[in-house]
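Atoms within each ligand, like the ligands themselves, are counted from 1 in listed order. For this chain, numbers begin at 1 and follow the sequence in order.
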Amino acid sequence: MPKKLFIRTYGCQMNVYDSARMADVLAPLGYHAAQEVDEADMVIVNTCHIREHASEKVFSELGRLRDLKAARAAAGQGLIIAVAGCVAQAEGKEIMARAPYVDIVLGPQTYHRLPEMVARASRAGGRVLDTDFPAEAKFDHLPEPTAQGPSAFLSVQEGCDKFCTFCVVPYTRGAEYSRPAAAILAEARALIAGGACEITLLGQNVNGYHGDSPDGGHWGLGRLIRALAELPGLARLRYTTSHPRDLDDDLIAAHGEVPQLMPFLHLPVQSGSDRILAAMNRQHTAAEYLRLVERLRAARPDLALSSDFIVGFPGESDRDFEDSLALVRAVGFAQSYSFKYSPRPGTPAAALEQQVPDAVKEERLAAFHALIGEQSAAFNRACLGRSFDVLLERPGRRDGQLIGRSPYMQSVFVEAPAAMLNTVRRLRITDTHPNSLAGTLIESEA
Ligand code: SAH
Ligand code: SF4
Ligand code: F3S
């Protein structure tokens, strides 16, 4: 009997990828995507534990689902509630205890076992907690992915061994693991056959990739990218998220040599102060980061960069914060994300003295936003009159309008027929806004 599945996804792109794969795993059981949570027979909340704010959302979401489940029960119907992702991994037992209406709690490494978990949960009272890091590789047990639109995610690496002192990821996602290149190439072919023309390679520390290669050796990310670029029909490649320490010469060179590799790189730095970088266990200095940026730009002069910053890490002084602003000015980012430091249970930084008061974090965050907002607006303004290739991804709000993505990740609005969806077109940028661009088709090539 057909059933409906609704997945709510929080957190990073890895979670977006995992959610799609969970849907793939459950499809043979008759589950199809529900448009609204109200019509679902099963709901999965795929959670993120990165900051306190992200975790809190999970429990309020679960409260709403408890009410939905109660309403269903009153009508003699069922609802399976599953909690997946990084909160499930970190706080699985607590969720089982606090939320008795939750049927399944599963970590990011066990979702290939979902069919079995659903079968157990469907039997009266059968609740399941599965947050193992199983010996068998999850990826070997997943069905072929279904491409969803022209731009697809592909996980090539999982987990992280860097242990930045503020971060939960090494605990929730476990040790670094790289998928074999052959499996990645096969998945990429399936995605392209399903209509994808852009693939974003994912990993918590994606440029730490070192997978088995078809010739019996190992490939780094640069080599993998070169192999993927040879697949017919693949117009664009991206990868995220990278650690500055693992950006090797071959990957830097690939930026200059592989035309499919888009000239945009998210390279988190977290702080511009060497003292704070050391306390964060980032294993690089501000000068080393700037040097990497220089080398990347030498390889690919039009490369645009984005980054993540944490403000108010324990012990961060005004001077340290000034160093972060100075690094932002020195690089000139196309985009950046900044977060107030959030103490996470079990991480070394949470136990540090000299926690920064929230009011100071707020003030620094505002100053930061102002500066990076200025930079990204300036980056967009500088695109006026330029022409570039845009992947037309989805219909706009107005009839006859499509929305695409520039090589630099900007949203671009254009008047174009719906038949051009899912294709790359050359546009001239005619108008710029702080967060988007507008363009017109260049006729000769349209
Ligand atoms: N693997 C990636 C991304 C990790 S999480 C990397 O190495 O950068 C995404 C971002 O969340 C991080 O880059 C960091 O800026 C932010 N973040 C992680 N833990 C945090 C915490 N405890 N408080 C505030 N921001 C945090
Ligand atoms: Fe977290 Fe650092 Fe690993 Fe990124 S590199 S996932 S910030 S521990
Ligand atoms: Fe969040 Fe886990 Fe991703 S904590 S950012 S969902 S790896």
Cationic N near anionic O, under 4.0 Å, K162 to D246
yes
Under 4.0 Å from a heavy atom of H243: give me the atoms of ligand 2 that qualify, with their elements.
5 (S)
Taking the six-membered ring of F59 as reference, does the NZ or CZ atom of R98 fall below 6.0 Å from its centre and within a 45° cone about the axis?
yes
Do H266 and D308 pair up side chain to side chain, a donor and an acceptor below 3.5 Å, judged on atom types alone?
yes
Do F309 and F368 make the cut of ring centroids closer than 6.0 angstrom?
yes
Whether the Q89 and Y171 side chains hold a donor-acceptor pair (N or O, under 3.5 Å, no angle test) is what I'd like checked.
no
Hey, can you tell me if F333 and Y289 have their rings parallel, tilted or perpendicular (30° and 60° cut-offs)?
tilted
Could R21 and D18 be called an ion pair, given the rule that one side-chain N must be under 4.0 Å from one carboxylate O?
no
Do R226 and D250 sit within salt-bridge range, that is, some charged N less than 4.0 Å from a carboxylate O?
yes
With the criterion set at N/O pairs under 3.5 Å, what does the list of contacts between the protein and ligand 1 look like, atom names and distances included?
{"from": "ligand 1", "atom 1": "1 (N)", "to": "Q204", "atom 2": "O", "distance (Å)": "2.6"}
{"from": "ligand 1", "atom 1": "11 (O)", "to": "R51", "atom 2": "NH1", "distance (Å)": "3.0"}
{"from": "ligand 1", "atom 1": "13 (O)", "to": "Q270", "atom 2": "NE2", "distance (Å)": "2.8"}
{"from": "ligand 1", "atom 1": "13 (O)", "to": "D308", "atom 2": "OD2", "distance (Å)": "2.7"}
{"from": "ligand 1", "atom 1": "15 (O)", "to": "Q270", "atom 2": "OE1", "distance (Å)": "2.7"}
{"from": "ligand 1", "atom 1": "22 (N)", "to": "F166", "atom 2": "O", "distance (Å)": "3.0"}
{"from": "ligand 1", "atom 1": "22 (N)", "to": "S342", "atom 2": "O", "distance (Å)": "2.8"}
{"from": "ligand 1", "atom 1": "23 (N)", "to": "S342", "atom 2": "N", "distance (Å)": "3.0"}

Heavy atom of R282 under 4.0 Å from ligand 2?
yes
Between Y408 and F379, how do the two ring planes meet: parallel, tilted or perpendicular, split at 30° and 60°?
perpendicular
Got a salt bridge between R64 and E61, using NZ or NE/NH1/NH2 to carboxylate O under 4.0 Å?
yes
Going by side chain to side chain donor-acceptor pair (under 3.5 Å), name the residues that satisfy it together with S406, two or more places apart in sequence or in a different chain.
Q410
Using the ring of Y101 (Phe, Tyr or Trp, six-membered ring only), decide whether K69 places NZ or CZ under 6.0 Å from its centre and within 45 degrees of its axis.
no
Mind jotting down which protein residues get a heavy-atom contact under 4.0 Å with ligand 3? Chain and number order, please.
C12, N15, T47, C48, H49, I50, C86, V169, R173, Q204
Going by distance alone, is a donor N or O of one side chain under 3.5 Å from an acceptor N or O of the other, for E198 and S151?
yes
Give me the ring orientation class for H210 and H218: parallel if the planes are under 30° apart, tilted from 30 to 60°, perpendicular past 60°.
tilted
For atom 1 (Fe) of ligand 2, how many protein N, O or S atoms lie at less than 2.8 Å?
1
